[in-house]
Amino acid sequence: MNIPANLKYTKDHEWVSIEGDVATVGITHFAQKELGDIVYVEVETLDQTLEKDEVFGTVEAVKTVSDLFLPLSGEIIAFNDDLESSPESVNTDPYGAGWMIKVKIANVAEIDSLLSSEAYKELIGA
């Protein structure tokens, strides 16, 4: 299972890459595998400021629809528009082309609440 050591993770199976005060967010390899074939990603919260753990969108797979939870409080400043025409990128490249949003971090102290790759591996039993 691919769990990059340079990323942070949530118990809700989102991954977070932090550069300065901007976080890039997507779902983990584990999550996309559990969901199955992704057919649609919906994010209607662009340009909104949300609190940590609020729903920022949904991901629809052949089998189910799942909420996406914001790992850090902040303003959603970008959505990966490529997912509109190629939602399968979440399956084929969850940590690259399958990224979902970028967030301007409001509270950097929340970063400490994210899981390391080792802690995430323990969570999923990898």
Side-chain angles (χ1 to χ4, degrees):
M1 177 120 5
N2 186 11
I3 303 170
N6 62 319
L7 301 176
K8 298 287 190 181
Y9 299 88
T10 70
K11 292 177 180 166
D12 295 312
H13 310 289
E14 281 94 17
W15 60 263
V16 184
S17 171
I18 299 167
E19 292 180 35
D21 65 349
V22 175
T24 302
V25 179
I27 64 170
T28 65
H29 178 84
F30 175 84
Q32 66 79 24
K33 189 174 175 189
E34 290 291 305
L35 289 168
D37 292 336
I38 306 294
V39 295
Y40 188 67
V41 177
E42 180 176 48
V43 173
E44 293 184 348
T45 52
L46 187 62
D47 299 323
Q48 293 182 25
T49 299
L50 301 175
E51 295 298 315
K52 180 181 185 301
D53 298 327
E54 281 192 84
V55 174
F56 72 82
T58 57
V59 61
E60 184 176 336
V62 174
K63 301 185 283 188
T64 187
V65 175
S66 183
D67 286 337
L68 299 166
F69 299 96
L70 197 62
L72 299 165
S73 300
E75 180 185 358
I76 298 175
I77 57 173
F79 169 66
N80 183 355
D81 292 329
D82 293 342
L83 296 180
E84 290 180 359
S85 59
S86 301
E88 66 277 2
S89 296
V90 175
N91 293 114
T92 58
D93 190 11
Y95 302 112
W99 69 274
M100 295 180 176
I101 61 167
K102 291 187 184 281
V103 180
K104 184 164 178 50
I105 301 168
N107 182 358
V108 294
E110 291 177 348
I111 295 169
D112 293 337
S113 69
L114 299 174
L115 303 173
S116 67
S117 60
E118 290 303 316
Y120 185 69
K121 286 177 187 175
E122 285 181 35
L123 176 74
I124 63 172

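These figures come from a predicted structure and were not determined experimentally.
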With distance as the sole test, does Asp12 use its side chain to make a donor-acceptor pair with the main-chain N or O of Glu14 at under 3.5 Å?
no
Hey, any chance Met100 and Val39 share a hydrophobic cluster, counting ILVMFWY side chains that come within less than 4.5 Å of each other, even indirectly?
no
Same cluster for Ile18 and Val108 if Ile/Leu/Val/Met/Phe/Trp/Tyr side chains link at under 4.5 Å?
yes
Side chains of Asn91 and Gln32: does their closest heavy-atom pair fall under 4.5 Å?
yes
Going through the checks in order, is the side chain to side chain contact (heavy atoms under 4.5 Å, CB included) test met by Gln48 and Ile76?
CA-CA 6 Å; Gln48 293 182 25; Ile76 298 175; 5.7 Å; no
Taking every non-hydrogen atom, the tightest pair across Ala97 and Asn80
O-ND2, 2.8 Å
In terms of heavy-atom contacts, Lys52 and Pro71 come closest through CG-O, 3.4 Å
For the hydrophobic clusters of this structure (ILVMFWY residues joined by side-chain heavy atoms under 4.5 Å, transitively), does one cluster hold both Ile3 and Leu123?
yes
Stepwise side chain to side chain contact (heavy atoms under 4.5 Å, CB included) check, Leu70 with Ile101:
CA-CA 10 Å; Leu70 197 62; Ile101 61 167; 3.7 Å; yes
For a quick check under 3.5 Å, do Tyr120 and Thr28 share a side-chain donor-acceptor pair by atom type?
yes
Show your working on side chain to side chain contact (heavy atoms under 4.5 Å, CB included) between Leu35 and Val90 and close with a plain yes or no.
CA-CA 11 Å; Leu35 289 168; Val90 175; over 6 Å; no
Donor-acceptor pair, Ser116 side chain versus Ala119 backbone, under 3.5 Å?
yes
For the residue pair Ser117 and Ala5, what are the closest heavy atoms and their distance?
OG-CA, 3.5 Å
For a quick test of reading the model, state the closest non-hydrogen atom pair linking Leu72 to Ile111 and the distance between them.
CD2-N, 3.7 Å
Nearest 0.5 angstrom please: Glu75 CD to Lys102 NZ, how far?
14.5 Å
Under 6.0 Å from the CD atom of Glu51, do we count more than 12 heavy atoms belonging to anything else shown?
no
Option passing side chain to side chain contact (heavy atoms under 4.5 Å, CB included) with Val25 (candidates Trp99, Phe56, Phe69)
Phe56
Less than 4.5 Å apart, side chain to side chain, heavy atoms only: is that true for Leu115 and Glu122?
no
Gap between atom CG of Asp67 and atom CG of Asp53 - 0.5 Å precision:
12.0 Å
Are Phe79 and Ile27 grouped together when hydrophobic residues (ILVMFWY) are joined by side-chain heavy atoms under 4.5 angstrom apart?
yes
Apply side chain to side chain contact (heavy atoms under 4.5 Å, CB included) to Thr24 and Glu19, showing your working.
CA-CA 8 Å; Thr24 302; Glu19 292 180 35; 5.5 Å; no
Considering all heavy atoms of both residues, which atom of Leu83 and which atom of Ser89 are nearest to each other, and what is their separation?
CD2-CB, 4.1 Å
Heavy-atom nearest pair, Gly20 first then Ile105, reads O-CD1, 4.5 Å
Can you tell me how far the OG1 atom of Thr49 sits from the CD1 atom of Ile77, to the nearest 0.5 Å?
10.5 Å
Are any side-chain N or O atoms of Trp15 and backbone N or O atoms of Tyr9, one a donor and one an acceptor, separated by less than 3.5 Å?
no
Take atom NZ of Lys121 as the centre, draw a 6.0 Å sphere, and report whether it contains more than 12 heavy atoms from other residues, nucleotides or ligands.
yes
Any chance you could measure Glu84, atom CD, to Glu42, atom CD, to the nearest 0.5 Å?
10.0 Å
